[in-house]
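Here the structure comes first, spelled out in structure tokens, and everything after it is commentary.
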Amino acid sequence: MDKLTFPIFPAADLVNFFRQNILTGTEAKNFNKNDIYPNPKPDMVQKLYMRILQQVFSYGVEQFYMVPMDLDIQYPHLVEGFAPVANILKLMARFLPMCRVYDFHPSDVLNPKGKRTLHLLSGIVNFLHFSATRKEVYMEYCLSYKSALDNVRQLQKTNQEAEIKIEKLTTVPPEQQAEFKALSAEIHDLQQIISQEYRAKDVVFQEKIAQRKTEFAEKNKRLNEQKLAIATMKEEQERMKSQIVESPEQRKSKTERMKETVHRLKQSRQETNDKCDNYRDRVALACMWQSDVQGYIKKLQSIDANLEIHRKIREEIRHSEEQVVNLNLELKSLSNEDAQLKRIILVKKEKLAKVDIKNKKKQEDFSQQKQEILEVCSHIQEKRQAVHGRVAQVLQEIQQTMNKKEQLLETTEAGQKKCQEVITDFRAALEKYHDSLQKASERSADRKREKIAELNRRLSRR
């Protein structure tokens, strides 16, 4: 699952999504494409991340500006301006691994880049879509679970009512138990007597009926054969009439055969009459026993009525048992669904536990990074304090140098005045010296002229 990716959405789609689902009011109106791409604005990106984290983690705005009280910070007022950014960094390092982004860096918030910001926001949008669909599925599971619980309770209630009805139907009142036992004993005895008496009669009658059936079948077979023979003989007679002239001898033989057949038919008729007389005698005997049979029939009818009542009771019991079985089946199916939902919930809990473990690990890593950052911040604070001390010392030295400068300026002004005086004096002295030099040079020139004149004189003399 760590290797799964997500699509990179265009900047316009991201802007529309955040306007509709994350930002509200003036923030949604003022949010545009230039805030995230190609040159994202850190303030707008941080505000967008803050609104996303508020929705995901249910954080309030004031919680982003709170400094942790468990940290030993010498100057907490210096960290207040950095508190919202630090909280955003902390929550983003915890949130982005859920969005399948594992290379989050604080520079993504402090100094965001265009493509990097699109990558992070696409992962966040993908996670928000996924969480919305999972929330819908979870709500459906919750609703189905609640309806299943209601059905289970209703079925349990109906099951209890059916069990109560079965107990009422199966239990005999105490004032009727003696009568019920007596009736059940009489029914059992009558059933045994009837089964013993009528079983033998039934066997005998069944045997006789079987014999009569076989006899009737044989006679019908013979009759059919005779009818078939007569039909064939008639056909032969009709066929042979046109061919052969009958002789008186053949007629006599045929008449004799016909008489014999008539005689046999009379004998069979006599036998059937005898059997009918026998059956009449048996019917008369049966009429003599009719009163006893009617008494037995009345007892059987009363027994049948009791059996019908007992059968109805049994049908009601069976129907209630079928209802109980159906309710138990529905209860089992609901229990299976409940178990399945519980298994799904356990799987979700295990996944959430794994995610919590990963989040805890990421949080530990982030806390470690945060501790390192705080150590760096404390080190920077120490350096800052040292720099403050140095700056104060430098400012003091600058103040001293300024004082010295002012003193030097004063002294230089005084010296300048003295120098000007000296220069004026020196200039006057130079002028005097120059005048004296001119005079001396004139004097020396006069002397040289005089010497040259003398030399010229001497040369002329020579």
Side-chain angles (χ1 to χ4, degrees), residues 1-18 21-23 31-59 63-64 68 71 79 81-134 350-380:
M1 291 178 69
D2 295 337
K3 296 181 180 179
L4 296 176
T5 59
F6 48 85
I8 303 300
F9 296 99
D13 295 340
L14 293 172
V15 170
N16 291 326
F17 177 80
F18 290 123
N21 298 310
I22 303 298
L23 301 175
F31 185 68
N32 55 17
K33 179 181 174 181
N34 296 323
D35 294 334
I36 58 174
Y37 188 81
N39 295 317
K41 299 176 183 178
D43 296 336
M44 291 301 296
V45 172
Q46 291 173 8
K47 188 178 289 184
L48 180 62
Y49 287 155
M50 186 184 292
R51 296 292 181 262
I52 292 167
L53 294 170
Q54 286 177 13
Q55 185 173 353
V56 173
F57 293 102
S58 298
Y59 266 49
Q63 292 179 348
F64 286 93
L71 297 176
V79 190
F82 186 68
V85 179
N87 287 317
I88 290 170
L89 291 172
K90 175 183 174 183
L91 294 174
M92 288 294 286
R94 179 183 169 190
F95 172 59
L96 286 176
M98 302 178 190
C99 305
R100 305 298 176 202
V101 178
Y102 300 100
D103 55 350
F104 173 71
H105 196 269
S107 63
D108 296 332
V109 177
L110 299 174
N111 188 16
K113 305 294 181 183
K115 292 183 179 180
R116 181 67 179 168
T117 304
L118 288 180
H119 178 72
L120 296 177
L121 293 176
S122 298
I124 291 168
V125 170
N126 186 33
F127 175 78
L128 293 174
H129 283 303
F130 174 75
S131 63
T133 54
R134 292 297 94 191
E350 289 177 357
K351 288 182 180 178
L352 288 172
K354 290 180 181 178
V355 171
D356 289 333
I357 291 166
K358 289 182 180 178
N359 290 331
K360 285 180 182 177
K361 188 176 179 181
K362 297 292 182 181
Q363 191 173 5
E364 289 176 357
D365 295 335
F366 179 75
S367 62
Q368 188 175 0
Q369 292 177 0
K370 185 180 177 182
Q371 189 67 31
E372 292 176 357
I373 291 167
L374 289 173
E375 289 177 358
V376 172
C377 290
S378 62
H379 186 63
I380 291 167

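Start at 1 with the first residue, then count along the sequence.
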Checklist entry - What is the distance from atom CD1 of I52 to atom CZ of F95, rounded to the nearest 0.5 Å? => result 7.0 Å

Checklist entry - Above 12 or not: heavy atoms from other molecules or residues under 6.0 Å from CZ of F127? => result yes

Checklist outcome for this item: The salt bridge (Lys or Arg N to Asp or Glu O under 4.0 Å) partners of R94 (sequence neighbours excluded) come to none

Item to check | Qualifying side chain to side chain donor-acceptor pair (under 3.5 Å) pairs, either residue in residues 47-56, two or more places apart | outcome: E27-R51

Checklist entry - Are the side chains of F31 and L48 in touch, meaning some heavy atoms are under 4.5 Å apart? => result yes

Checklist outcome for this item: The salt bridge (Lys or Arg N to Asp or Glu O under 4.0 Å) partners of R116 (sequence neighbours excluded) come to D103, D108

Checklist entry - Roughly how far apart are H105 NE2 and L110 CG, rounded to 0.5 Å? => result 9.5 Å

Checklist entry - Can you name the one residue among N87, L91, L53 that meets side chain to side chain contact (heavy atoms under 4.5 Å, CB included) with Y59? => result L91

Next on the checklist: Run the salt bridge (Lys or Arg N to Asp or Glu O under 4.0 Å) test against K41 and tell me which residues pass, sequence neighbours left out.
Outcome noted: D35

Checklist entry - salt bridge (Lys or Arg N to Asp or Glu O under 4.0 Å) with D43: which residues, sequence neighbours excluded? => result none

Checklist entry - Does CZ belonging to F57 count more than 12 external heavy atoms closer than 6.0 Å? => result yes

Checklist entry - If you measure from CG on D13 to NZ on K33, what distance do you get to the nearest 0.5 Å? => result 10.0 Å

Next on the checklist: Please find the pair of heavy atoms, one from P97 and one from M92, that lie closest to each other, and give the distance.
Outcome noted: CD-O, 4.2 Å

Item to check | Shortest non-hydrogen contact between P112 and P40, atoms and distance | outcome: O-CG, 3.5 Å

Under 3.5 Å, which donor-acceptor pairs do the side chains of residues 117-126 form with other protein atoms, sequence neighbours left out?
{"from": "T117", "atom 1": "OG1", "to": "K113", "atom 2": "O", "distance (Å)": "2.5"}
{"from": "S122", "atom 1": "OG", "to": "F9", "atom 2": "N", "distance (Å)": "3.0"}
{"from": "S122", "atom 1": "OG", "to": "L118", "atom 2": "O", "distance (Å)": "2.7"}

Next on the checklist: Just verifying a value: how many Å separate I22 CD1 and F17 CZ, rounded to the nearest 0.5 Å?
Outcome noted: 5.5 Å

Item to check | Distance, nearest 0.5 Å, that separates CE of M44 from CD1 of I36 | outcome: 9.5 Å

